[in-house]
Structures are given as structure tokens and as C-alpha cells.
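Worksheet: one structure, shown below.
Each ligand, and each atom within it, is numbered from 1 in the order the structure gives.
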Amino acid sequence: MTDKTILVTGISGFIAKHCALDLLQHGYRVRGTVRSLKKADEVKAALRPHCDITRLEFVDADLLADAGWAKATEGVHGVQHLASPFILNEPKDPNELIRPAVEGTLRVLNAATASGVKRFVQTSSMAAVMYGHPKDRTKPFTEDDWTVLDGPGVTSYTRSKTLSERAARDFMAQNRPAMHYASINPGLVFGPLLDRDMGGSAEVIQMFLRGKYPGCPKLSFGVVDVRDVAKMHRLALETAEPSGGRYLGVSEAAWFLDMMRPIKARLGRQAKKVPSFELPNFMIRLVALVDPAARGILPDLGVALHIDNRRTRQTLGMDFIGVEESAPAMAQSLVELGLV
Ligand code: NDP
């Protein structure tokens, strides 16, 4: 047990609830930010079955306003900054994603610095690492790579994550606060949901469980289990490594079909609508003529992804849960929560 309080921004989110759970289970006090205090009861209800929630408190704060952030960071040892809009569809106005991501991150960094916070962990993404590169690239993506913002296939979400991580690193370089900084860059996050407030990545598996697609597009993603992402956030707060670390949260690069196979194997009849074959690329290209969602995936269609995060594994001592466990764990919880 420690008296250190960690601020978890956007604690109502899918990953942030797991971060809070992991911190509480490791003896920290947790303060979570919510946009509306009405959400506090939902978060408590999600965490109560798994841990002692008497060391959990809430502050209301929005990434788009200054109010609440001084109170949120007061007396806090560390911040895990997860709040950021995560939606699968392209918004009409990219600033719906970019403004809260970038301005919000700077707001939290400024408040944390003013409050004398010692450690700051930002939830970035593989979206800030591996987009906009030539599609015939075979060199694995590592902790050194950055998304090329004017390259092909860069969406507003990808842009929001790249710009917000850049903004944080620039802030640290320019202001040199006595605060340790690290980013966690997860791939597509699977694993169990703690409640029905499911977040963007579960929507991917939900669509397949509901039989929205007859087959899998030939798309490859770096994937990771949410329990590992939460652990990485805590390890990055505790690490003796120098400030500035960039840690890639990926167990492996997997094709959609590799994600669906273990779901079918574990869930049996409950996954009867989950496809067991790949759609030919030409079929997706035809669908893309009329479907903007299909159009969005064209740049990545058939592109084999290579990721080498050995540095992260060694530095943080991570041994990642594989997709054969993380994908069915998420599917199982979607079924149990009545979300299919
Ligand atoms: P969720 O959608 O579940 O959580 C997003 C959180 O951000 C919610 O708590 C939401 O609050 C909060 N939020 C959004 N806009 C604002 C705002 N203007 N002010 C304050 N809070 C806001 O997503 P995830 O848990 O999946 O994602 C959490 C983080 O992880 C994000 O930074 C995301 O980019 C990153 N990430 C996610 C991946 C994934 O596969 N899930 C992969 C890589 C990175 P509210 O509940 O009020 O809407």
C-alpha cells in the first residue's frame, strides 16, 4: 500500500478503467477525471466487483476547458493521461478529434507541471508510429518510427494521436519541467470489458460477432490485451529508465482472420456469425465504390505489418498476452454483457 495518488484522465473509458483497476490492485490511490460526475457511479460499479474502491475519487474536467484540471492534479504523484476521443468513423470536422487530443494534452501537462506532479504517462498509439509509410515497406516498425502525416492512409484519428504525442514531447523539451514523461503506444486493444461502456476497439469484434461481414478483409493490425496496456501504464510510472521513453504495446501483428479463429474456437455457437475466411481484395475494392468505411481501409488492404518492440519488452519486462487469448476474452465479455 502506498499513499501516492495517480490521476487517471478519462477514467470512464475502456482502457482507463483497467488502468484504475491495476493501480488500485497495486496499492495506489486513484483520482479519475470524468466529463460528468454522473459517470462516477458507473465507473465505481464496474470496478467494485474486482477491487477495494474506497481509495478511488473523481473530479470533473473536460479536455476542452481549463476548469477542473488544477483540482484534478493537486497533490497527485503521477498522471496517466488516457482521455482522448476514439471513434472508428471519420468525422466531418477533423478538429472534433484533434482539438481535444492536442489542446487537452497540453492542458493536462500544464496543470500537472504547475501542481508539481512527478511522473506523467501519455496514452499515445501505434497510430502515431506506423501510418503514412510506403506500403511495400518490409522493415519492422520500432519505437523510433513516427507516422508521416502527409503520407497515404492518415486519418483524423491517426493525426490526432500523432500530433498530441508530438505536442507533449515538444512541451517537455521546451519547458523542461521536473516531471518524468513516457508514452505508451498500444496497437488495437482487445481483452475483457469491465462494463457495457465499451469504447472503439470492442466495436470491431462486435461487428464480426453480429455478422456484419461475410468474410474478413485482409487487414493486419498490431494487437494487445488491455490488461497488458494497464500494466505498461503502471510500469512506465515506476520505471527507473530516463524520461522520454516510448513503449509500444503490441503482442503481435495479426490478420483479422487470426483474430477471428480463436474467437470461433472459444465461443463456438455464440460466434456462429464470425467469418472463417478472407474476402478477396478485389471484392473490398468493389464495395469501396459505395461504402466509405470500406474506402477507408483500402490503403492498408493486403499490407503485411512488421513490428519489432523488443526494446519495450526488455525495458519494461513485458511478456505480452497473445491474440489467441485477448480476442476471445473481448468477444466473451461482449456476449456476457449482452452487447451482441
Ligand atoms: P474510450 O472511448 O473508451 O475512452 C475515451 C475516454 O476519453 C472516455 O473516458 C471519454 O470520456 C474521454 N474523452 C473523450 N473526449 C473527452 C473530452 N473532450 N474531455 C474529457 N474526456 C474526454 O477509448 P479507449 O479506452 O479505447 O481509449 C483510451 C485511450 O487509448 C485514448 O487516448 C485512445 O486514443 C488510446 N488508444 C486506444 C486504442 C484502442 O484500441 N482502444 C489503441 C491505441 C490507443 P466520456 O466517457 O465522457 O466520453
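- Those atoms of ligand 1 that come under 4.0 Å of a heavy atom in Ser201, given as number and element, are 39 (C), 40 (O), 41 (N).
- For ligand 1, the atoms sitting less than 4.0 Å from at least one non-hydrogen atom of Ser125 are 43 (C), 44 (C), numbered in the order shown with element in parentheses.
- Contact of the Val189 side chain with the Phe86 side chain is not registered, since no non-hydrogen atoms from C-beta on lie closer than 4.5 Å.
- Residue, atom and distance of the protein heavy atom nearest to atom 18 (N) of ligand 1 are Asp62 OD1, 3.1 Å.
- Other residues, nucleotides and ligands place more than 12 heavy atoms under 6.0 Å from the CD atom of Gln332.
- For ligand 1, the polar-atom distance check against Asp197 finds no nitrogen or oxygen pair separated by under 3.5 Å.
- Geometrically, ligand 1 and Gly200 share no nitrogen or oxygen pair separated by less than 3.5 Å.
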Residues His133, Phe141; criterion ring-ring contact (aromatic ring centres under 6.0 Å, His included); working and verdict
CA-CA 10 Å; His133 293 266; Phe141 289 102; 5.0 Å; yes

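- Closest to atom 8 (C) of ligand 1 among all protein heavy atoms lies Ser12 OG, 3.8 Å.
- Under a 4.0 Å N-O distance rule, the pair Lys4/Glu238 does not qualify as a salt bridge.
- Taking a cut-off of under 4.0 Å to the non-hydrogen atoms of Lys39, the atoms of ligand 1 that pass are 45 (P), 46 (O).
- Gly104 does not count as a contact of ligand 1, since none of its heavy atoms falls under 4.0 Å from the ligand.
- Residue contacts with ligand 1 for Met198 are absent, since no atom lies close enough (heavy atoms, distance under 4.0 Å).
- Among protein heavy atoms, the minimum distance from atom 19 (N) of ligand 1 is reached at Leu63 N, 2.9 Å.
- Remark: minimum distance from atom 5 (C) of ligand 1 to any protein heavy atom is reached at Ser84 O, 3.5 Å.
- Linking Ile, Leu, Val, Met, Phe, Trp and Tyr residues whenever their side-chain heavy atoms come within less than 4.5 Å leaves Tyr213 and Leu257 in two separate clusters.
- Scanning Leu82, Ile11, Val34 for the heavy atom closest to atom 29 (C) of ligand 1 points to Leu82.
- Atoms of ligand 1 found under 4.0 Å from any heavy atom of Leu188, numbered from 1 in the order shown, are 40 (O).
- For ligand 1, the polar-atom distance check against Val189 finds a nitrogen or oxygen pair separated by under 3.5 Å.
- Remark: aromatic rings of Phe208 and Phe256 are close, center separation under 6.0 Å.
- Using a 4.0 Å cut-off between heavy atoms, Lys161 contacts ligand 1 through its side chain alone, with no backbone atom that close.
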Quick one, Ser124 with Ser183, criterion side-chain hydrogen bond (donor to acceptor under 3.5 Å, both in side chains). Give me CA distance, side-chain angles, the key distance, then yes/no.
CA-CA 6 Å; Ser124 184; Ser183 72; 5.3 Å; no

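- In this structure, Glu252 and Val223 have side chains that are in contact, with non-hydrogen atoms separated by less than 4.5 Å.
- For atom 4 (O) of ligand 1, the closest heavy atom belonging to the protein is Gly13 CA, 3.4 Å.
- The distance from ligand 1 to the heavy atoms of Gly199 drops below 4.0 Å at these ligand atoms: 3 (O).
- Distances from atom 36 (N) of ligand 1 to the heavy atoms of Tyr157, Phe221, Phe14 show the closest one on Tyr157.
- Within 6.0 Å of CG in Asp319 there are 12 or fewer heavy atoms belonging to other residues, nucleotides or ligands.
- Hydrophobic cluster membership is shared by Leu337 and Leu47, with clusters built from Ile, Leu, Val, Met, Phe, Trp and Tyr side chains linked at under 4.5 angstrom.
- Annotation: Gly10 places an N or O atom under 3.5 Å from an N or O atom of ligand 1; distance criterion only.
- Applying the 6.0 Å contact sphere to NZ of Lys212 captures no more than 12 heavy atoms from other residues, nucleotides or ligands.
- Of all the listed residues (Arg35, His18, Glu203, Glu42), Arg35 holds the heavy atom that lies closest to atom 47 (O) of ligand 1.
- Leu64 is not connected to Ile87 by any chain of hydrophobic side-chain contacts under 4.5 Å among Ile, Leu, Val, Met, Phe, Trp and Tyr, and they are in different clusters.
- Look at Asp41 and Lys38 and you find no salt bridge, because none of the NZ, NE, NH1 or NH2 atoms lies under 4.0 Å from a carboxylate O.
- In the vicinity of Gly187, heavy-atom distances shorter than 4.0 Å reach the ligand 1 atoms 40 (O), 42 (C), 43 (C).
- Under the 3.5 Å distance criterion, with hydrogens and angles disregarded, no donor-acceptor pair is assigned to the side chains of Ser12 and Arg35.
- Of the listed options Ser124, Ala127, Ala65, Ser124 places a heavy atom closest to atom 44 (C) of ligand 1.
- Looking from atom 39 (C) of ligand 1 to the surrounding protein, the closest heavy atom is Phe86 CE2, 3.3 Å.
- Counting only heavy atoms of the protein, atom 37 (C) of ligand 1 lies nearest to Ile15 CD1, 3.5 Å.
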